[in-house]
*Asks:* 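Got a structure here, written out as C-alpha cells. Questions coming.
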Amino acid sequence: MAEQRVLTAEEMAKTMREVSVAEFFEKNRHLLGYENTTKALITIIKELVDNSLDACDEAGILPDIKVQIKEVGPDRFRISNEDNGPGVVAEKVPFAFGSLLYGSKFHRLRQSRGTQGIGVSGAILYSQLTAGKHAKVSASTGKALHDFEIGIDVAKNQPHVFSHKEQKNPDNWHGIRIEMEAEGRYIEGKQSVAEYLKQTAIANPHAKIVYDGPNGKINFDRVLKEVPKQPKEIRPHPYGIELGILRRMLAGTKARNVVGFLTSEFSRVGKGSAEQICKLAKIEFSRKAQSLTHEESERLHKAMQMVKLIAPPTDVLSPMGEHVITEGLKKELKADFYVAISRSPTVYRGYPFQVEVGIAYGGELQQEGTAQLFRFGNKVPLLYHQSDCATASAATEVNWRSYGLSQSGGGLPQGPVAILIHFASVWVPFTSEGKQAIAEYPEIVKEIKLALQDAGRKLSHFVNQRRRAQAQAMRRQIFERYMPVVAESLSKLTKRDEKTILKKFEDVIKKRAAIMAEAEKSEEENKEGKEDVGEVIGESMVEVEEGNEEKNEKDKEKKKGEEE
Amino acid sequence: MKESIKKLEQLGEKVLKDVEKGENPNLDIPLRTLSNVKYDKKTGMLTIGDKSAKRYFFNVAHAKKFMQTMMVAAFTKELLEEGIHTSLRDAFYALKRTFPNSNENTFDEQSESDPIIVDIEVALDILREQLHLSADVRGRVVGDVVIEDRGDSVDWSKLGSGGWSMPSNVEEIKFKKVKADFILVIEKNAAFERLHEDKFWQKHKCILLTTQGQAARGVRRVIQRLSSEFKLPVYVLTDIDSYGLYIYSVIKRGSISLSHVSDRLGTPNAKFLGLTMDDIEKYGLQKFTIKAEDTDIKRAQELMNYEWFKSPDWQRQLKMLMQKKIKAELEALSGRGLKFMTETYLPEKLKKKEFLD
C-alpha cells in the first residue's frame, strides 16, 4: 500500500485565505455577463452606457453619449464611452472604477439602471484580464480635468492607480470618459451592440447617442427634450424583505431598540405596527436590535409578514410614460401605428413596480415571422434569455388573435408587429446576476398581460380599419377589372364609343362614394346568405336542363345505365 | 328578329343611362326559383311569377354576373345581326377569356354561361331559339312520319335502328305526313331500342320517342307540336322513382327553372303510363326492385308538396314509394323476359287505359 500524504488542519489553514469579491468574479465572470467574447462586448457597452444615462438623469442633464468600438487586433477591441454627466470628484474616481461593489447604488432602494455597483468596474476587470491593459478614465465636474490610468488589485479588491494627471479644462467640460481594450467578437443582429444601443435609444428618446462602430457610424438622435422624472428612494417594506438582509440591517442600525428599528428602517411601519410585530414575535419592545438572537430575528421576520400594513408608496418610480414610449418607437421603427399604455404602479413582495407597454404595427416592420419583442428592466434593454422572462410569458399568454393578429399556438403574434415591455421597480427581480430575464411573479405577469391587452384593443381598432380599407381596395379592383369588358359589351349593344362609356364607369367609382358604400353594405348582406338570382332552385335536386347535364351526377349514372 | 335586336339595344341603353345618371347600373331579372313558380290549374302548366331580383354592377356579389350578362347580351346581338346560329358550347368558348394581369376568366365553365343565357331569355322575353343559340342534339324518335328539315325530306320510318335525332331548334320543321294514333315517350334509350327492334310502333301505330334522361327543349317542343297539331294522345313511360316522375312532370307541366316557356314546351294532356308502384305487384316485379336511398325519399317528399302532384292518385303513389322504400327501373320488366314489355306489359296497359294524370 502506498503511503498516503495527509494534510493537517494547520497545513490546510495555510492554503485558506479570504477570497476577494474581485477574485471571485474573476473566476466567475459568466455571472457578470462575460461568458463569451460576443456577449462581453455587449456587456461592456451596456455597463458604460447605463452608467452614463443614470448619472445624467440623476443630475437632470440631457444625455449626450459617444460610444466607440474599434478593432485593434485579432479579437481585440478598443472601447470608449463619453458622457456629459455630472462627473465624479477626483478622489472618488479610483474607488468608483477600480473596485467592485463600491458605487452608491447597492445600499438603497431606488429605481435605477445599475444596481449592484459592479458594472463599470466589472468591465475594467474583464479588460484587465483579457487585454492586460489598464483603463483610461477622464473625469471632470466642470472644474479641472483629471486623467487616470486605473487597474484593479484583484486580491484586495482595491483600485490600482498607475497615473493621475490634472489638466486645465478651458471649456468647463463635465462628464466621464472611459477607454479600455478587451477581447471580444463583434457581430450584428438581434443580440449585438448595435441592437442594444437601438433599444436603449427607443427607451431613452431624450438621449443623443452617437455610435462609431467597426461597421460605421450610427446616430441615435434626441427627439424629446425633457429629462425623465426622478425616482425617489424608499426604505424597504417589511413584506419584501429577506431574512439575511433583515439580519444585516439589525446589525447595522443606529436605532436604540427594536421598535425604533422597525419604524425608522422600514416604510409603512408606525409605532403601533412595530409594537404589534414585536408582540407577535414575542420580543420586548425595548430590546436592542443588535442583541437579537438567531431565533428571535427569524420570529421577527415571520411576524413582519403577518401584520397588516399599508402597501409601499408607489409614486417613487420613474416610468417612461406613454408619450416617451410612442416617440421612442417612432424614432427607431417606421411603422403605421403606435400605441403605448402605462399601467398604474402596484406592488409585488413589498416592492412597488410599474408596467408599461408599447406596440408598433405595419409600415416597414417585417411582414412575415414572429413579432419583435423589446424588453426593458428599468429602461435597460434585455437581450438574452427571452424565454425565461416574465415579459415573454405574459406576451405569449395574450390571445392576439382577438385583436386581429395571427398567432400560432402559445407563441408571440405573427406579422409586422413590435412589442415593447418596460418593467420599472425599485428592485427588479432578475432571474440571475446576468440581469437578462425578469422572474415570473404572478403579480408581475398579470400586470404585463393587462397592459398588453389594453394596447391590443387599441391596435385592433387600427387593424380592423385597415382591413376594411383593404377590402374596399379589393372590391374596387374587381370593379376595375370587369369595367373594360362591360364597356366593350355596352359599346356593341348601343353602338356608342367604348372609351367614353368606360370613362363614365370610372367616374362613378371616383365620384359616387355613396354607391361604393352601398356596394360594401350589400356585400355584407350577401355574406349573410342572401342569394343572387338564378342560383338555387331551392330543391335538393337541381333540375337538369339540356346543355349542362354533366352537372348532375345522378343523371350521369342514369346515362351510364342506359349505355350498358 | 329585329324585335330581339331592339330589346338587346334597349337593355344596353338602360344600363348606360344608369351610369350617366351616376346610379349603380342594374338589371331586373325574374326569379327562376320554386318560390316564383305558379301552377296554373286552367292550363295545367307551370308559369313564372312576377318576383324578380336586381343585379347590380357595383356590388361585389353581383359584379361578375352583371359583367357576364352584358357579354352574353352583346354576343347574341352580334349573332342576330350577322344571321348566324351557334351552340351553347360555342357561345361559352367565344366568351371565355382571361382578364389581363390576373388568373381570373370571364367564364370558367359552360355551367356559368348557360344560366346567364336563360337570364337574358327571361329578362327580355326572347326565346333562346330566337337568340340563335342551340343545345346539343339529344333524344331520338321513330314512327310513320315524314318531315321537312332545311329543305330535306326525312322519313322517320326509314332511318334504321337509330331513328331521327331531334335537334335543339325544331321551329322550322314541317310535318308532311303523320300516321299514328298516339305518342309513346320513353325515358330510357335501352327500352326505346327494345321496342324499336320489336317493331312495337308498327304493330301499335304510334310514334316512339326517347328523351334519354331529362327531356331537352327540342324534344319537349316536338312532343307538344305533334300532340297539338295532330291531336295525338301522349303516354309517358319512365322508371318509378322521383327522378322519372319529374321527367314526366316536366313534359306535361313545364319545368321550375324554365317556367317562363311552359306554354311553348309543355304538353298538359300527357299521361303517365308507367311504371307505377301498383305495377310492381301486378306484374310480379318485386324481385327486381331497388332500395330507395335517402335522397330518393327526400325528393319524393318534395314532389308530394308540389301543387300539381296533389291529386289522390299521385299522393298514393308517392306515399307507397316512401313507405316501401323501393323503386323500380324499366329494366325490371326484362326480368320477366326480354319481350315481356313489348308483348304483355304495354299492350295490357294501353288496352285497359291504366293511366295516371
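So you know, we letter chains A, B, ... as the sequences are listed, proteins then strands, and number each from 1. All values reported here derive from a predicted model rather than from experimental measurement.
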*Asks:* If you round to the nearest 0.5 Å, how far is NZ of Lys504(A) from NZ of Lys21(B)?
*Replies:* 13.0 Å

*Asks:* Where do Glu104(B) and Tyr482(A) land on the side chain to side chain contact (heavy atoms under 4.5 Å, CB included) test, with the steps shown first?
*Replies:* CA-CA 10 Å; Glu104(B) 191 184 352; Tyr482(A) 296 161; 2.4 Å; yes

*Asks:* Can a donor-acceptor pair be found, under 3.5 Å and without considering hydrogens, that links the side chain of Lys77(B) to the backbone of Lys492(A)?
*Replies:* yes

*Asks:* By a 4.5 Å heavy-atom criterion (distance strictly below it), what part of Met474(A) contacts chain B: side chain, backbone, both, or neither?
*Replies:* neither

*Asks:* Can you measure from CZ (Phe99(B)) to CD (Glu480(A)) and round to the nearest 0.5 angstrom?
*Replies:* 13.0 Å

*Asks:* Just how far is it from atom CG of Leu490(A) to atom CD of Glu13(B), taken to the nearest 0.5 Å?
*Replies:* 9.0 Å

*Asks:* Take Ile501(A) and Val19(B), measure what side chain to side chain contact (heavy atoms under 4.5 Å, CB included) needs, and give me the verdict at the end.
*Replies:* CA-CA 9 Å; Ile501(A) 298 173; Val19(B) 182; over 6 Å; no

*Asks:* Before giving the answer on side chain to side chain contact (heavy atoms under 4.5 Å, CB included), spell out for Val485(A) and Met70(B) the whole-Å C-alpha distance, their side-chain angles and the decisive distance to 0.1 Å.
*Replies:* CA-CA 8 Å; Val485(A) 175; Met70(B) 289 293 114; over 6 Å; no

*Asks:* Heavy-atom pairs under 4.5 Å with chain A - which of Ala191(B), Gly22(B), Ser134(B), Gly12(B) has more of them than the others?
*Replies:* Gly22(B)

*Asks:* Measuring from atom CG of Asn59(B) to atom CZ of Arg475(A), what distance do you get when rounded to the nearest 0.5 angstrom?
*Replies:* 9.5 Å

*Asks:* Tell me, yes or no, whether the heavy-atom count around Asp294(B) atom CG, taken from other residues, nucleotides or ligands under 6.0 Å, exceeds 12.
*Replies:* no

*Asks:* Is Arg97(B) in contact with chain A via its backbone, its side chain, both, or neither, using a 4.5 Å heavy-atom distance?
*Replies:* side chain

*Asks:* Evaluate the ring planes of Phe57(B) and Phe505(A), with Trp represented by its six-membered ring, and classify them as parallel (under 30°), tilted (30 to 60°) or perpendicular (over 60°).
*Replies:* perpendicular

*Asks:* What's the separation between atom CD1 in Ile478(A) and atom CE in Met67(B), rounded to the nearest 0.5 Å?
*Replies:* 10.5 Å

*Asks:* Heavy-atom cut-off 4.5 Å, strictly under: side chain, backbone, both or neither for Pro25(B) against chain A?
*Replies:* side chain

*Asks:* Against chain B, label Arg476(A) side chain, backbone, both or neither, depending on which of its atoms sit under 4.5 Å from a heavy atom there.
*Replies:* neither

*Asks:* Rounded to the nearest 0.5 Å, what separates atom OG in Ser489(A) from atom CD in Gln68(B)?
*Replies:* 11.0 Å

*Asks:* Which of the residues Lys64(B), Gln10(B), Glu9(B) is involved in the greatest number of heavy-atom pairs with chain A at under 4.5 angstrom?
*Replies:* Lys64(B)

